[in-house]
Amino acid sequence: MADPNSTKAHFSMAMPPPNETGSLHVGHALFLTLQDILARHEHQKGKDVLWLPGTDHAALATNAIIEKRLTEQGTDKHAVGREEFIRLVKEFVGNSRESINSQIRAMGASCDWSRTRYTLDEALNRCVNEVFVKMYNDGLIYRGHRIVNWDPKLGTTVSDDEVIYKEQKAPFYTLQYGPFKIGTARPETKFGDKYIVMHPDDKRYKHYKHGDTFEADWINGQVTATVIKDEAVDPSFGTGVMTITPWHDRTDFEIAERHGLEKEQIIGFDGRLLPIAHEFAGQTIEAARPKIIAKLKAKGLLIKEAEYTHNVALNDRGKGVIEPQIKLQWFVDVNRPAVEWKGQLRSLREVMHAVIEDGDIKIMPKRFEKVYYHWIDNLRDWCISRQIWWGHQVPVWYKQLQQPMMGFDQTVMNQMFKGKTKTYRQKDYGYKVGDKILVENSQTGVIFGEITLKAVQKTTVGKVNLADKAHYVTYKNQAELIAALKKYHPERKMDADYPIWVYEYDFEPKEVEPEIYVGVTPPQGRGWEQDPDTLDTWFSSALWTWSTLVDQDLAKDYSLSLEDLLAKSVDYRTYHPTDVMETGWDILFFWVARMILATTYITGEVPFKTVYLHGLVRTEEGKKMSKSDLDSIVDPMEIIPEYGTDALRLALVAGTTAGNDQRVGKTKILANRNFCNKLWNIARYIDDLRVRPVDPLRVVPLGREMMPKSVADHWILDKLSIFAQRLDKALAGFRFSEAYELLYHFVWDDLADWYIEASKVQPNPALLRKVLEDTLKLAHPFMPFITETIWQNLGKKSLLAAELAPEIIKADKAQARQFEELKKIITEARQIATNVGVSQPALLYTNSDIIERGKELVKRLGRLGEVEKTETGRGIRLMGTKAAVWLDIDHQKARSYLNKLIDQAKDQEALIKTLENRLANKAYIARAPKKLVEETKTQLKEEESRLETMQAELKTFEKSLR
RNA sequence: GGGCGCUUAGCUCAGUUGGCUAGAGCACCGCGUUUACACCGCGGGUGUCGGGGGUUCGAGUCCCUCAGCGCCCACCA
């Protein structure tokens, strides 16, 4: 558990919060492993470590599940009401947070569970509100009509980053529009088109002037079209002219804004065509499109039909087709210079850019800095309001000065009120002639006009004017009217007693803004209604590094300002900015960038100093793991019982490099299970020495005595200390894979294959044990379970997890080098024996103290018959050592070895040639570092002497074969 | 359309600011049960470091260019 009062240096890291309803997948397993390694390693370095865990409320996903359930039950969220809806969500979420947390524990995550946070915690919610209010007051959050990405399927807006594009083949139609030919893939948006746009420099259309008008026969009759010249049009595409649909296309919207053109809604928020589409009104796009085309064809307006591929915009979550719409929403202004940063007033964009540019935050790998800049350069205002109910509700309240009495769709009204006096059928609101009634946009709640009633009467027979003169529905009774209305408004619920009242009125457009209150807590007084929308999940996630460090109890005191609250929160003061943010590159924009945005703005400091981005875990075949292909998934919860958590952790660390995807499958996990087993057996062997000494006569008593004695002892200590240093360096540079390899090779090659084998000749159990303990400590961050178990089996009373980095006994380098020499001799002896096919040959040497002292070692590890000192050599000369050493093998028996020797000599000659050339190069002598040149010279001498030995040996060999 | 990567052994990939004869794991082959481990030991590598050009004393590493593959962003009516 982290201790902010500790005098130790502090290290802090926020865990990316998994969705509370999710279950642990291999991606979680990866980040938990990497972060856990960092946390444990930093702890071992003697730091006070805070690794803060938490879960996310997963707004959109959870909300969608409940909405789907309601739909299946034949109802919807508006019918059940907000309170009941939230209750249903909570019931569904249940204790799933417990479940994900226990899975995080199963991965061995050493996070601080006493500080677990949840994005909807009261304190966190307060932070969200505080940030919203501050940004609103600074003009960084505004409400406005902007074109947004609307998902009719989920009934909400989504941010630009949540939109994905999928390539699709679609028919592309060329239509006749007055004198022009225009292309479109979306004929269903064309009903309201009354502008034709072309590039000002397009010579083909130079005789048309901006503002010219002409009559065109269009889908539903004559329209008056206006010529607009705008540079957004690409003259080389198609005919170089296009009509525009500003309500449903961003580019068109921008053109319309530039020239002050009218914008009309064609498609409703339910994804169905509006009355402007006449007979197609109420139909879905898919249903209407072929019929529209048929109508165009019948009118002779369809010129050509071709197929082309284009990108269709989808909501990343739920995969609903995105329909751009103009909607009154809340936005974060990223361009307004309202952020005080390093003594300058800058925009959010500029600050986000600056913190990376100035090096306040380091992104690993570095190349993602470019990706990040590129994203910032293209960044538009961030739409933060969502039409879902599960999440942080927008902390804004409205009060109408006069309560609106009628709800209409603004577009419908605009279409209907061509003249001023109209009739309309509605419910009986009890209005009387002369009443003035405010009219609000039923989607946005904004009042846009006022009507004065001239006549009110109840009717049973008449005609319903549906949006335009062409569409009257005659009815004789209530039932017929309802049937007619339903056809055009299938979304409306109309029961049998739907009243039929006819109002005649004057319409007066009138903008009446409601009184607005933006605050952390609800306003006092009556008549206030909170904005029904919730905030984008990423808005709250953006505060994660510091909102989790706010004192939970102090946060209940609303008399404190946010500044005071932060100042008084000990954890925040101690652990913020956090040191490392470790997460996937796929949420660099969603999350990392937004944490930078919100945190620099609110706290004046960066949220973290280093961002380490890991890649995607792919299948062994390199494919994305997908829920639709269950076999492709590596499920941690299946792997852990079968292979162990440590094996999974190691498999995930092996080969993971910053920013790169990696492949993980059974073979990799198996290999690492074997590694765990290896360490286990090493420990078992060493521990067994306590009770069953290798050689009772030469046993060194266990205890205080653990000094290095043999050359092997010095060698392993030297290796251990080099390993520890490199490990530290690798982890400091976030080179996880390299750290893993260092561990793997030290344990398997150095410790198991050499030192333990050597110790069978000259055992030093006390040192063996010390080396084992040090190794366990160094291995612990990677494989906490098995190392802890071994540690406990060794009879330790304390936890290995609580131990600091080992203090490694200093080795005598000279003695370590002697062992290295013996190792070379042993290896070469083995190679020759295997190559020649002779088992247990004798080894002869003329004069070597090293071999003299290491006789037994060489004999055993080299699998030799005898190791003898002789006057003159005999048999095959070893080349890898300066000492004069032979394997006593008859040349006749070793014929096959001659070729190998010849090859070796050739390689040696080539090497010498390379070195000679290098030294013959005057520029090399002059410009390369002196040290390097000296090294080359020394090496050349050595290599030359070795070649001499080789050639001599070769001669002898050939001679004896003759 | 704009941008970012990747291309190194049969497969998967390391290779930190250019510097010793380019490495590892897996797979594969041969030998082997020596009292930790067959989930083991020992031995086994002739790679045009994608092609071409350049900078440099020196390039897998830096620059240019071409090719193939992958990803991100924008989006064309």
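Closest-nucleotide positions on RNA chain B for A:D753 and A:F172 were compared, and the one nearer the 5' end corresponds to A:D753.
A:D249 comes within 4.0 angstrom of the backbone, heavy atoms only, and of no base. Within 4.0 Å of A:Y643, counting heavy atoms only, lies no atom of the nucleic acid at all. At a threshold of 4.0 angstrom between heavy atoms, the contacts of A:V233 include nucleobase atoms, whether or not backbone atoms are also involved. Contacts of A:E942 with the nucleic acid, taken as non-hydrogen atoms under 4.0 Å apart, are absent. Within the 4.0 angstrom heavy-atom criterion, no nucleotide atom of any strand lies near A:W754. Among the heavy atoms of the strands lying under 4.0 Å from A:R380 are primed sugar atoms or P, OP1, OP2 only; no base atom is included. Counting any heavy atom pair closer than 4.0 Å across all strands shown, A:F368 reaches no nucleic acid atom. As judged by a 4.0 angstrom heavy-atom cut-off over every strand, A:R918 is placed among residues touching the sugar-phosphate backbone only. Residue contacts for A:N921: at a heavy-atom cut-off of 4.0 Å it reaches the sugar-phosphate backbone alone, with no base atom in range. Here A:D907 lies out of heavy-atom contact (under 4.0 Å) with every strand. Among the protein residues, A:N311 comes within range of the nucleic acid bases, having at least one heavy atom under 4.0 Å from a base atom. Note on A:T243: only backbone sugar-phosphate atoms sit closer than 4.0 angstrom, heavy atoms only; bases stay farther off. Contacts of A:A730 with the nucleic acid, taken as non-hydrogen atoms under 4.0 Å apart, are absent.
In summary, A:K229 and A:D202 do not engage in a salt bridge, as defined by a charged side-chain N under 4.0 Å from a carboxylate O.
The side chain of A:A752 lies closest to B:A36, out of B:C72, B:C26, B:A36. Side-chain proximity of A:R367 to B:C37, B:G5, B:U21: nearest is B:G5.
Between the C1' atoms of B:U21 and B:G47, the separation comes to 14 Å (whole Å).
A:Y308 has its ring centre less than 6.0 Å from the ring centre of A:H310. Checked against a 6.0 Å centroid threshold, the rings of A:Y372 and A:F589 do not count as neighbours. Aromatic pair A:F782/A:Y740: centroids not less than 6.0 angstrom apart.
The two residues A:S737 and A:A654 make their nearest non-hydrogen contact at OG-C, 4.0 Å.
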